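Predicted model only: the values in this text are computed from it and were never measured. One is the number of the first residue; the rest follow in order along the sequence.
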Amino acid sequence: MFCFQCEQTAGCSGCTGRAGVCGKPADVAHLQDELTGALIELARLSDEAEGVSESAWHLVIEGLFATVTNVNFDGDALQKLIDLVHVEQAEAASARCAEGVPFVVSDYDMNRVWHADEDIRSLKSLILFGIRGMAAYAYHALVLGYAKDEVNAFFMKALRAVGDDAAAPDELLAVMLEVGEKNYLCMEMLDLANTATYGSPVPTEVPLLVEKGPFIVVSGHDLYDLRRLLEQTEGLGINIYTHGEMLPAHGYPELKKFSHLKGNFGTAWQNQQKEFAGIPAPVLFTTNCLMPPRASYRDRVFTTGAVDYPGLVHIDRERDFSPLIEMALELGGYPEDRQFTGINGGTKVTTGFARDAVLSVADQVVDAVREGKIGHFFLVGGCDGARPGRNYYTELVKQTPADSVVLTLACGKYRFNDLDLGTVAGLPRLMDMGQCNDAFSAVQVALALAEAFGCGVNELPLSIVLSWYEQKAVCVLLTLLYLGIRDIRLGPTLPAFVSDNVLRYLVETYGISAITTPENDLQAMLQG
Ligand code: SF4
Ligand code: SF3
């Protein structure tokens with residue numbers, strides 16, 4: 001196997017051998033390559049002029065999402081997807097070929113990408129991993145009934161570029177930047193889908209206390225799954241706790257109205273094997289990041305949507321959560337309330353500072369900056385992960401000056417979201433804007449502030465420090481570059497799939513740099 005798509009890749013260069021660091025076995029990695037190759041062939045067969053058929057782009061979104069890190073470890077589920085892509089290929093081919101000419105399956109061989117010239121491999125990887133992340137966002141929008149032709153057509157274009165053996169670096173670079181552009185549209189669509197369905201998030205305090213009695217823990221990004229679970233558990237005496245990227249759900253009016261949505265359980269996703277071991281409750285995974293469950297709790301883990309793991313119960317498209325409900329009632333939860341803490345010992349966190357909430361106090365923010373009460377904004381966002389070195393983000397946030405505001409999003413915030421940073425100019429110093437896709441919210445706030453000050457985003461007293469782990473971070477980073485945002489700091493390590501030449505281009509064009517130490521970086525950022 002060969003896979004180097006995430007930050008924890010073996011030796012910072014690539015997972016090979018019998019399994020990846022994430023636990024993905026070699027046969028599953030091969031099937032993910034086969035699925036990607038089949039999608040590339042489907043994209044080639046789909047006629048650009050005729051437009052992409054609905055069933056084809058549904059499958060493309062689902063197939064790409066299934067290959068995101070920590071999503072699908074199930075060979076049988078991946079084989080089913082490959083078979084479906086082949087059916088779709090045959091249909092696309094029959095629309096093009098003369099009658100009676102048999103269709104022969106010939107999927108693109110991904111080894112041609114993995115063994116290509118270093119820069120070509122790098123650019124194709126940025127495109128492929130970017131659209132994998134983007135597919136996850138498109139999937140969440142789609143379950144709420146939102147889709148965009150422009151986004152769907154681009155998945156096909158990008159897949160064709162990955163499978164184009166003759167593509168020149170310049171052509172690939174253009175497609176790579178277009179990933180950023182189309183992902184912006186995709187995040188905008190998901191923002192609309194979420195806010196139109198569940199309302200605009202409002203600042204909300206979330207306890208880390210688990211009340212006595214039956215409960216269910218729900219992890220991942222899919223708000224639709226949470227909503228269905230809340231509906232199906234209403235009045236049953238079962239409480240619901242978010243985990244990981246589901247935390248921002250507490251801010252949405254149409255979700256927080258369920259009184260049995262109680263709080264958040266657990267710290268960072270990579271602590272799940274320890275934290276799930278003893279809980280008397282089932283856990284539902286709606287997206288990444290699922291780790292191979294240990295025997296001590298594997299019978300209590302359920303998957304749904306694009307997530308799959310061999311031997312675990314998968315809740316199908318109808319989202320009938322009865323097996324979890326029965327298990328929650330049977331296990332009964334804790335006999336007494338149990339107080340948990342974040343990694344810094346805090347007993348509560350806050351969320352819900354999405355664009356509307358922040359922009360509703362825009363005047364206050366602008367005045368505070370003009371009066372010198374707020375000196376700097378930091379956007380510290382992105383993924384968490386297991387590698388040491390991520391304490392950088394905790395230390396950085398702890399050391400930010402008292403006259404600064406720290407905006408955060410995605411799951412990296414578990415490093416510091418239980419810290420009490422106090423207030424500045426009557427505003428909380430730490431504001432959680434939501435999930436990784438809510439980078440859209442952060443961009444809206446930055447654009448609005450730039451407009452209020454009559455300058456560009458790069459002239460604002462704003463520093464962006466990102467942490468990356470999986471492929472959604474790739475598409476979000478490409479979106480920030482597409483928007484012309486400069487001087488982003490990236491860590492904890494730079495991606496293995498960025499070649500020296502591509503890195504040089506990113507440094508020279510966008511001023512991207514690797515994180516160093518919290519002290520050095522803070523000093524540099526505050527000096528502007
Ligand atoms: Fe390795 Fe990451 Fe690929 Fe898993 S997803 S096999 S850890 S590079
Ligand atoms: Fe986290 Fe797995 Fe990336 Fe949505 S949930 S950010 S790592």
Side-chain angles (χ1 to χ4, degrees), residues 7 203 205 208 247 267-268 270-271 341-351 353 358 365 368-369 371-434 436 439 442 445-446 449 457-469 473 476-477 480 485-494 511-528:
E7 182 267 337
E205 197 171 281
L208 303 179
L247 165 63
T267 57
Q270 70 273 9
N271 296 335
T341 60
I343 67 161
N344 302 290
T347 55
K348 58 179 169 36
V349 295
T350 52
T351 189
F353 294 93
V358 178
V365 173
V369 174
E371 291 161 15
K373 290 182 187 152
I374 295 180
H376 208 85
F377 296 88
F378 295 91
L379 174 62
V380 187
C383 310
D384 209 343
R387 261 195 226 279
R390 286 185 182 263
N391 287 346
Y392 165 95
Y393 297 94
T394 322
E395 285 311 310
L396 180 87
V397 168
K398 276 187 184 166
Q399 292 177 29
T400 52
D403 69 344
S404 65
V405 171
V406 179
L407 303 169
T408 189
L409 48 86
C411 68
K413 61 175 158 262
Y414 281 94
R415 298 261 160 185
F416 48 78
N417 67 346
D418 63 325
L419 289 171
D420 182 3
L421 295 190
T423 58
V424 57
L427 299 162
R429 283 199 53 225
L430 180 63
M431 300 194 211
D432 174 14
M433 308 193 83
C436 45
V445 169
L449 285 179
V457 171
N458 291 318
E459 278 75 61
L460 288 172
L462 165 71
S463 304
I464 302 181
V465 191
L466 298 184
S467 50
W468 87 282
Y469 169 67
V476 170
L477 176 68
L480 297 176
I485 297 176
R486 290 186 54 85
D487 301 328
I488 294 170
R489 284 177 167 74
L490 184 64
T493 52
L494 293 179
I512 284 191
S513 60
I515 58 168
T516 62
T517 64
E519 295 76 16
N520 281 348
D521 287 352
L522 259 180
Q523 200 185 6
M525 289 188 278
L526 291 169
Q527 279 168 0

Next on the checklist: Please enumerate all residues that pass side-chain hydrogen bond (donor to acceptor under 3.5 Å, both in side chains) together with Asn458, with sequence neighbours excluded.
Outcome noted: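 If we apply the side-chain hydrogen bond (donor to acceptor under 3.5 Å, both in side chains) test to Asn458, skipping adjacent residues, there are no hits.
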Output the distance between atom [atom1] ([X]) and atom [atom2] ([Y]), rounded to the nearest 0.5 Å.
X: Leu490; Y: Ser513; atom1: CG; atom2: OG; value: 8.5 Å
X: Leu419; Y: Ile343; atom1: CG; atom2: CD1; value: 8.0 Å
X: Ser467; Y: Arg390; atom1: OG; atom2: CZ; value: 5.5 Å

Should [X] and [Y] count as side-chain neighbours, where that means a heavy-atom distance under 4.5 Å?
X: Met525; Y: Leu396; answer: yes
X: Val445; Y: Met433; answer: yes
X: Ser404; Y: Phe377; answer: no
X: Leu427; Y: Val405; answer: no
X: Tyr414; Y: Leu247; answer: yes
X: Leu409; Y: Leu379; answer: yes
X: Asp384; Y: Gln270; answer: yes
X: Tyr393; Y: Ile515; answer: yes

Next on the checklist: Could you go through Lys398 and Leu421, starting from their C-alpha distance and side-chain angles, then the distance that decides it, and tell me whether this counts as side-chain contact (heavy atoms from CB on, under 4.5 Å)?
Outcome noted: CA-CA 8 Å; Lys398 276 187 184 166; Leu421 295 190; 5.9 Å; no
Item to check | Test applied, side-chain contact (heavy atoms from CB on, under 4.5 Å); reference residue, Asp432; option that passes from Asn417, Leu407, Thr408 | outcome: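 Single pass found, and it is Thr408.
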Item to check | Salt bridge Lys348-Asp418, side-chain N to carboxylate O under 4.0 Å | outcome: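 No.
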Checklist entry - By side chain to side chain contact (heavy atoms under 4.5 Å, CB included), which residues pair with Asp487, not counting sequence neighbours? => result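 Counting only residues at least two positions away or on another chain, Asp487 forms no side chain to side chain contact (heavy atoms under 4.5 Å, CB included).
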Checklist entry - What residues, two or more places apart in sequence or in another chain, satisfy salt bridge (Lys or Arg N to Asp or Glu O under 4.0 Å) together with Arg429? => result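 None.
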Checklist entry - Should Leu477 and Trp468 be marked as a side-chain contact (heavy atoms from CB on, under 4.5 Å) after you check the CA-CA gap, both sets of side-chain angles, and the distance that decides it? => result CA-CA 9 Å; Leu477 176 68; Trp468 87 282; over 6 Å; no
Next on the checklist: For the residue pair Tyr392 / Asp521, report whether a side-chain donor-acceptor contact shorter than 3.5 Å exists.
Outcome noted: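 Yes, a side-chain donor-acceptor pair sits under 3.5 Å.
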